[in-house]
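In listed order, ligands and their atoms are each counted from 1.
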Amino acid sequence: MSRIGKTARVITTENITDSLLAITLHTPDLAKWRSCQHLKFETGKGHYRDYTLAHWNEANKQGTLLIDAGHEGAGSNWARLLRPGQALLYAGPGGGIHQPTAAAHLVCLGDASAIGHFSSLFHRKGTQQQLYTLISHKQPLPLKILDMPVDTTAGYIAGVERWLLQQPFPMSDTTFYVAGNIPLVVQIRKLIKRLGAQQIKAQGFWE
Ligand SMILES: Cc1cc2nc3c(=O)[nH]c(=O)nc-3n(C[C@H](O)[C@H](O)[C@H](O)COP(=O)(O)OP(=O)(O)OC[C@H]3O[C@@H](n4cnc5c(N)ncnc54)[C@H](O)[C@@H]3O)c2cc1C
């Protein structure tokens with residue numbers, strides 16, 4: 001990290017909910033932004049955690065992370081203690097394989113750790129494309145996060161299935177993006193295949 005690490009500085013920290021944090025950083029070394037890129041942060045000595053750039057503003061070189069910090073963990077504890085002015089060491093960006101496709105409908109399904117991943121798709125999709133996001137989460141989330149419309153279900157897989165059956169998108173013109181907790185991603189993938197999904201882009205984050 002001392003050889004490849006770059007420095008970002010915290011501009012603001014905001015509690016979107018008790019457990020979801022929006023951290024805005026100045027990242028002067030970042031040249032280009034694609035959807036679904038993550039940065040690897042040094043969260044403590046010998047501890048590194050990946051967080052996705054939910055949005056990045058080329059003009060002022062400021063990017064926002066959305067961090068699910070409702071659990072005990074090196075990354076979660078680090079995120080809760082971040083303060084404006086603090087310097088952070090990171091490597092990257094990495095990833096960026098998942099991009100908005102040309103489908104008319106982009107459907108994002110996952111948990112709160114994936115909101116940044118989905119937001120990065122929302123901010124780079126075409127203006128005519130519709131993006132829908134459903135997050136499996138115990139408490140209701142705001143209806144919009146970084147301008148992206150968000151639905152919440154507390155019903156885990158059954159809740160995801162109920163929601164999907166109420167949506168108007170045709171499977172032949174829809175790309176599904178699934179991300180977050182690995183067992184959840186596996187189950188959602190099985191569910192949407194059973195419902196006829198033809199294009200699925202899945203990425204597991206944690207177990
Ligand atoms: C490519 C990539 C991009 C990612 N982007 C983001 C992002 O933008 N935002 C984000 O919040 N996370 C993101 N993650 C996930 C994040 O890096 C992991 O959740 C990480 O494990 C959290 O680290 P931790 O130190 O807090 O918990 P850990 O020390 O890894 O785990 C401690 C305990 O907490 C549990 N746990 C871990 N994460 C969660 C969670 N989110 N909710 C509930 N329990 C959890 C674990 O199962 C374990 O029991 C990303 C991961 C990858 C691989």
**OP:** Could you pull out all residues at least two apart from Q199 that satisfy side chain to side chain donor-acceptor pair (under 3.5 Å)?
**Re:** T175
**OP:** May I ask you to decide if the ring planes of W78 and Y51 are parallel, tilted or perpendicular, using 30° and 60° as cut-offs?
**Re:** parallel
Original post:
If only atom types and distance count, is the side chain of D111 paired as donor or acceptor with the main-chain N or O of N181 below 3.5 Å?
Top reply: yes
Original post:
Does the Q129 side chain pair with the main chain of A103, one donor and one acceptor, at a distance under 3.5 Å?
Top reply: yes
Original post:
Does one side chain, of T24 or T64, offer a donor that lies under 3.5 Å from an acceptor on the other?
Top reply: yes
Original post:
Name the residues in contact with ligand 1, where contact means a heavy atom under 4.0 Å away: which are they?
Top reply: H38, R49, D50, Y51, T52, L66, I67, D68, H71, E72, G73, A74, G75, S76, S113, Q203, F205, W206, E207
Original post:
Parallel, tilted or perpendicular for F169 and W163, by the 30°/60° rule?
Top reply: tilted
